[in-house]
Amino acid sequence: MNARPKKVHRSGGGGKRIADYKAKGKKAARGKTTTKLLVAMTGKASAAKAAEGDEPVFAYIASLPQPQREIAERIDALAAKTLPGLQRAVKWGMAYYGVDGGWCFACGGFVGHVKLMFIRGTEIKPEPPVTPIGMGKATRGVEPTSVDDLDERQAASWMKQAAAMPFFGGKKQSRRRQAPTKK
């Protein structure tokens with residue numbers, strides 16, 4: 001198995017490790033208890049507050065217990081390596097990743113595993129095998145229980161495919177109806 005990547009590239013350039021975030025004395029390192037993990041998705045994965053940017057995602061990942069933290073760190077590092085212009089946010093108690101203002105996939109820690117879920121997973125090939133409960137009809141993903149369960153080559157392929165078709169929201173764009181032209 002390859003050594004764990006040490007840097008997590010931020011969209012603003014430079015690099016930052018999740019471990020560096022913990023070492024700076026931020027919330028996760030101040031004795032705050034780790035995130036309470038759920039067995040399955042019930043609308044919100046954790047009590048992590050919604051926020052956009054790298055720092056909230058790093059704090060969320062740092063709050064996870066092992067082995068979920070190690071898996072989430074690997075997924076985050078893989079996303080940073082695979083997708084230029086990566087954007088991060090915490091939404092619905094999970095880390096969300098996107099490009100160009102749209103969201104592509106999410107990563108959340110649960111009891112016994114991590115969910116890596118692709119929002120438009122039915123459109124990527126090969127289709128990821130797990131249909132997560134509570135995530136929408138088109139969402140598909142994988143649920144690694146250890147870092148060794150994560151097929152990084154396949155996950156990177158899915159990340160690239162998902163980035164080519166980011167999800168911008170549940171509302172369809174309304175099109176103006178044009179009057180028929182007379183000939």
Side-chain angles (χ1 to χ4, degrees), residues 1-11 15-19 21 35 37-38 40-41 45-46 48 53-54 56-168:
M1 190 81 210
N2 295 337
R4 186 167 61 185
K6 294 197 184 224
K7 289 208 172 195
V8 174
H9 299 285
R10 300 183 329 159
S11 55
K16 183 166 190 134
R17 296 181 326 160
I18 294 169
Y21 183 81
T35 298
L37 300 180
L38 302 174
M41 189 73 192
S46 76
D54 297 343
V57 171
F58 295 158
Y60 166 71
I61 293 171
S63 75
L64 295 173
Q66 293 294 359
Q68 290 87 343
R69 182 184 317 144
E70 185 178 14
I71 299 165
E73 286 173 345
R74 185 69 63 94
I75 290 168
D76 186 88
L78 183 62
K81 176 181 161 188
T82 304
L83 302 177
L86 180 67
Q87 298 163 330
R88 294 178 178 97
V90 173
K91 296 177 173 287
W92 300 285
M94 294 183 289
Y96 270 72
Y97 298 87
V99 294
D100 300 326
W103 301 108
C104 306
F105 56 94
C107 173
F110 292 84
V111 171
H113 65 281
V114 167
K115 289 184 185 291
L116 172 58
M117 299 164 286
F118 297 90
I119 298 166
R120 296 175 72 182
T122 56
E123 298 176 42
I124 60 180
K125 302 296 176 215
E127 187 175 301
V130 176
T131 303
I133 297 169
M135 288 293 297
K137 293 178 183 176
T139 303
R140 298 293 183 273
V142 291
E143 297 180 347
T145 58
S146 73
V147 165
D148 294 336
D149 289 344
L150 181 64
D151 181 343
E152 290 189 29
R153 176 176 270 145
Q154 183 62 70
S157 172
W158 286 331
M159 288 176 183
K160 288 176 187 174
Q161 291 178 63
M165 53 182 173
F167 181 77
F168 289 94

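Note that these values count all heavy atoms, side chains included, but never hydrogens, waters or copies made by symmetry. On a predicted model such as this, the values are computed, not experimentally measured, just so you know.
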**Request:** Compare every heavy atom of P144 with every heavy atom of L150, then report the nearest pair and how far apart it is.
**Result:** N-CB, 4.2 Å
**Item:** Side-chain donor or acceptor of Q68 paired with backbone N/O of A72 under 3.5 Å
**Value:** no
**Item:** Rounded distance (nearest 0.5 Å) linking atom CE of M94 with atom CE of M117
**Value:** 4.0 Å
**Request:** Return yes if some donor-acceptor pair links the side-chain N/O of Q87 with the main-chain N/O of G101 below 3.5 Å, else return no.
**Result:** yes
**Message:** Restricting to ring pair (Phe, Tyr, Trp, His ring centres under 6.0 Å), what partner residues turn up for Y97, sequence neighbours left out?
**Reply:** F105
**Request:** May I have all residue pairs that pass ring pair (Phe, Tyr, Trp, His ring centres under 6.0 Å) and include part of residues 120-150, sequence neighbours excluded?
**Result:** none
**Prompt:** Under the side chain to side chain contact (heavy atoms under 4.5 Å, CB included) criterion, do H113 and D149 qualify, and how do the steps go?
**Reply:** CA-CA 10 Å; H113 65 281; D149 289 344; over 6 Å; no
**Fill in**
Closest non-hydrogen atoms of G112 and T145, given as atom of the first, atom of the second and distance, are O-CG2, 3.2 Å
**Request:** Working to the nearest 0.5 Å, report the span between CG of D148 and CZ of R74.
**Result:** 8.0 Å
**Prompt:** Between E127 (side chain) and G121 (backbone), is there a donor-acceptor pair under 3.5 Å?
**Reply:** no
**Asked** Can you pull the salt bridge (Lys or Arg N to Asp or Glu O under 4.0 Å) pairs that have at least one residue in residues 91-108, sequence neighbours excluded?
**Response** E52-K91
Would you be so kind as to tabulate the donor-acceptor pairs closer than 3.5 Å made by side chains of residues 128-137, with sequence neighbours excluded?
{"residue": "T131", "atom": "OG1", "partner": "R140", "partner atom": "NE", "Å": "3.2"}

**Request:** List the atom of G93, the atom of Y60, and the distance in Å for their closest heavy-atom pair.
**Result:** O-CE1, 3.5 Å
**Prompt:** When rounded to the nearest 0.5 angstrom, what is the spacing between CZ in R88 and CG in D54?
**Reply:** 4.5 Å
**Fill in**
Applying side chain to side chain donor-acceptor pair (under 3.5 Å) to Q154 and not counting sequence neighbours gives none
**Complete:** Of all heavy-atom pairs linking I75 and C107, the shortest is CD1-SG, 3.8 Å
Distance-only donor-acceptor hits, side chain of residues 156-167, under 3.5 Å, sequence neighbours excluded:
{"residue": "S157", "atom": "OG", "partner": "Q161", "partner atom": "NE2", "Å": "3.2"}
{"residue": "W158", "atom": "NE1", "partner": "P126", "partner atom": "O", "Å": "2.6"}
{"residue": "Q161", "atom": "OE1", "partner": "K125", "partner atom": "N", "Å": "2.8"}
{"residue": "Q161", "atom": "NE2", "partner": "K125", "partner atom": "O", "Å": "2.8"}

**Request:** Identify the two heavy atoms, one from I71 and one from V147, that lie closest to each other, and give their separation to 0.1 Å.
**Result:** CG1-N, 3.7 Å
**Item:** Residues which pass side chain to side chain donor-acceptor pair (under 3.5 Å) with D151, listed by chain and number, not counting sequence neighbours
**Value:** none
